[in-house]
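Read through the structure below, which is laid out as structure tokens, and then see the notes.
Please read all numbers here as calculations on a predicted model, not as lab measurements. Every chain is numbered from 1, with letters handed out A, B, ... down the list of sequences.
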Protein chains: 2
Amino acid sequence: MEALEQIKERMQSFLEALDSPLTLELSKHLQSGKMLRSKLVLNIAGVSEESILLCAVVEMIQSASLLHDDVIDNSLMRRSKPSINAIAGDKNAIMLGDVFYSKAFCELVAFHKEYPQIPHIIADSVVRLALGEIEDVYLSQSFNTDEKKYLAMIEKKTAALIESTAFAAALLAKKSPQDAKKFRNYGRNLGIAFQIIDDILDITATQEKLGKPILNDFKEGKTTLPYIYLYHSLQEQDKERLKKSFKQEISQDEMVWILQQFQQSDAIKRSFRLAKNLGEAGMQSISDQSCNKLIAIMQEMIDRDF
Amino acid sequence: MEALEQIKERMQSFLEALDSPLTLELSKHLQSGKMLRSKLVLNIAGVSEESILLCAVVEMIQSASLLHDDVIDNSLMRRSKPSINAIAGDKNAIMLGDVFYSKAFCELVAFHKEYPQIPHIIADSVVRLALGEIEDVYLSQSFNTDEKKYLAMIEKKTAALIESTAFAAALLAKKSPQDAKKFRNYGRNLGIAFQIIDDILDITATQEKLGKPILNDFKEGKTTLPYIYLYHSLQEQDKERLKKSFKQEISQDEMVWILQQFQQSDAIKRSFRLAKNLGEAGMQSISDQSCNKLIAIMQEMIDRDF
């Protein structure tokens with residue numbers, strides 16, 4: 001059986017062990033994602049009983065965080081399908097998220113015997129993820145023009161779990177503490193670069209590719225990095241005009257105007273350059289680890305043209 | 001410093017270590033409860049660095065579960081004060097709950113070195129708590145007349161964490177596995193009895209004592225044990241009349257009628273008898289442990305007259 005299938009089976013067996021038909025029923029509606037975190041683990045630590053367990057735990061945490069994130073953002077779509085909160089309501093999405101989080105923690109403690117650091121590494125990254133969610137909501141209350149605050153937020157909300165996953169996988173693979181830190185650094189950079197590119201795609205991709213309308217972030221009140229750069233590049237009058245669309249349903253005309261401003265500025269290019277630099281630094285940090293597949297994952301992500 | 005104060009300080013230091021002003025600000029609105037779970041730990045394991053840590057972890061889990069519970073039940077009051085969701089909205093209550101849960105798990109793993117069972121015992125009870133919440137919501141969708149389903153739900157939602165706390169405290173106190181199970185059994189019985197009495201008080205207490213209107217459970221769609229017993233004792237016609245008030249704003253007249261039915265039936269007495277029997281069995285199970293304070297806690301709870 002292919003490793004990713006093994007991971008899904010493991011997650012399913014976690015759920016079945018709960019002996020809760022209600023939970024199984026709700027979980028049916030969950031969409032499986034690209035399993036980026038699992039791919040990191042498998043490429044760093046290979047396929048083993050332990051690596052499959054780590055993947056299943058991390059994917060359950062990731063699912064839990066998305067369940068709560070969709071409630072918090074009131075997002076009705078996830079991976080081109082209706083989200084759980086859209087199908088079964090906010091209550092069920094919150095409760096299912098709590099079951100997933102707690103079950104993941106419950107399984108995570110199994111690592112302490114052979115890998116005493118792993119439970120704390122993963123649990124600590126979930127704290128950061130949760131803090132990142134809070135920062136995200138607060139930044140969304142007004143038009144944020146502070147690049148540092150934005151980067152600090154995505155480092156927690158998106159990168160923390162990817163970073164900790166890569167770190168834990170390196171420990172599973174019995175890397176030295178020094179080498180394990182290189183994988184941690186790779187994971188952190190991958191996470192931040194991934195989020196920046198995701199934010200760029202919300203502006204530059206087509207609705208079909210995104211599975212949701214474009215400029216959705218801005219409508220939801222998220223001033224992502226390209227908007228921050230764009231804002232700072234604009235004249236006073238245009239700054240005000242951009243701000244007016246923030247957190248609004250944007251008219252077709254205004255959407256065209258915003259996209260034109262992006263084309264006339266270097267905001268997208270600058271954002272992408274940062275993602276690319278982070279990606280390259282991430283690859284650099286594991287350059288002595290002969291891990292071509294991780295290089296390929298990062299390469300594939302930053303090998304674009306904006 | 002008194003032990004309960006030490007626990008609160010420990011929780012505060014957990015929060016401060018997060019380096020998140022937003023989290024600190026939100027947490028200010030949290031009301032401290034009776035700290036029943038901490039009292040169990042202190043009475044079983046005494047006051048030590050480790051027992052204070054266990055208490056702080058369990059209280060954080062308890063707070064997290066109440067934060068989510070209030071969102072799910074749309075409860076605007078908690079301990080006679082506005083709930084966090086009432087003050088800061090559902091989003092913030094969900095996110096703060098996630099921070100509390102994850103921080104608690106993060107600290108919980110510290111026990112694995114000397115007490116390898118404790119992290120799993122507590123984490124597993126949080127899974128049951130989360131499953132109990134799901135069952136509670138589903139039971140509330142219609143008028144539940146099944147005593148077994150109700151008891152299975154409160155065993156998870158209320159008793160699981162009290163049971164695991166008493167069990168973990170007994171392990172901290174270096175009790176033998178056999179003796180530790182006695183404390184676990186005590187905790188389980190205390191938890192179920194506690195919930196049944198809480199459900200009775202929702203019917204028999206005054207609004208001032210409850211800090212919320214009476215018969216609130218029924219209005220919220222919760223057919224607690226006294227309602228189940230009452231229902232089965234009624235004639236067909238009255239069964240239908242009772243059902244009509246389920247999940248409704250109840251008129252003054254109908255409230256009087258429901259209270260009269262309770263007075264004329266033995267539903268309250270029967271519910272209390274079950275709580276009392278469970279309480280006595282719980283005391284019995286630790287009768288050879290010379291733990292007078294635990295006996296007193298249970299005694300105080302069941303030494304009532306309904």
(request) Kindly indicate whether the side chain of A/Glu135, heavy atoms from C-beta on, has any atom under 4.5 Å from the side chain of B/Leu22. (result) yes

(message) Among B/Asp124, B/Ile94, B/Asp73, which residue has the highest count of heavy-atom pairs closer than 4.5 Å to chain A?
(response) B/Ile94

(request) Let me know if B/Asn92 has heavy atoms under 4.5 Å from chain A in its side chain, its backbone, both or neither. (result) side chain

(message) Below 4.5 Å, heavy-atom pairs only: which of B/Ser65, B/Cys106, B/Ala123 has the largest tally toward chain A?
(response) B/Cys106

(request) Examine whether an atom of B/Glu107 lies under 4.5 Å from a heavy atom of chain A, and if so say whether it belongs to the side chain, the backbone or both; otherwise answer neither. (result) neither

(request) Flag yes if more than 12 heavy atoms outside A/Gln141 fall under 6.0 Å of its CD atom; otherwise flag no. (result) yes

(message) Tell me whether B/Lys113 at atom NZ has more than 12 heavy atoms from other residues, nucleotides or ligands lying less than 6.0 Å away.
(response) no

(request) Can you tell which part of A/Val99 gets under 4.5 Å to a heavy atom of chain B, answering side chain, backbone, both or neither? (result) both

(message) What's the separation between atom NZ in A/Lys91 and atom CD1 in B/Ile134, rounded to the nearest 0.5 Å?
(response) 12.5 Å

(message) Could you measure the distance from the CG atom of B/Leu131 to the OG atom of A/Ser102? Nearest 0.5 Å is fine.
(response) 7.0 Å

(request) Kindly compute the distance separating CZ (B/Phe105) from CD1 (A/Ile122), expressed to the nearest 0.5 Å. (result) 14.5 Å

(request) Counting only heavy atoms closer than 4.5 Å, note whether B/Leu18 contacts chain A via side chain, backbone, both or neither. (result) both

(message) Quick check on B/Ile121 against chain A: is it the side chain, the backbone, both or neither that has a heavy atom closer than 4.5 Å?
(response) neither

(message) Any heavy-atom pair between the side chains of B/Asp98 and A/Asp98 that's under 4.5 Å?
(response) yes

(request) Measure distances from A/Val127 to the heavy atoms of chain B and classify the residue's part below 4.5 Å as side chain, backbone, both or neither. (result) both

(request) Applying side chain to side chain contact (heavy atoms under 4.5 Å, CB included), run through B/Val109 and A/His112 and close with a yes or a no. (result) CA-CA 8 Å; B/Val109 299; A/His112 71 70; over 6 Å; no

(message) Can you tell me which portion of B/Val126 sits under 4.5 Å from chain A's heavy atoms? Options are side chain, backbone, both or neither.
(response) both

(message) Ring-plane angle category for B/His68 and A/His68, please: parallel below 30°, perpendicular beyond 60°, tilted otherwise.
(response) perpendicular

(request) Nearest 0.5 Å please: distance from the CG atom of B/Asp90 over to the CG atom of A/Asp90. (result) 7.5 Å

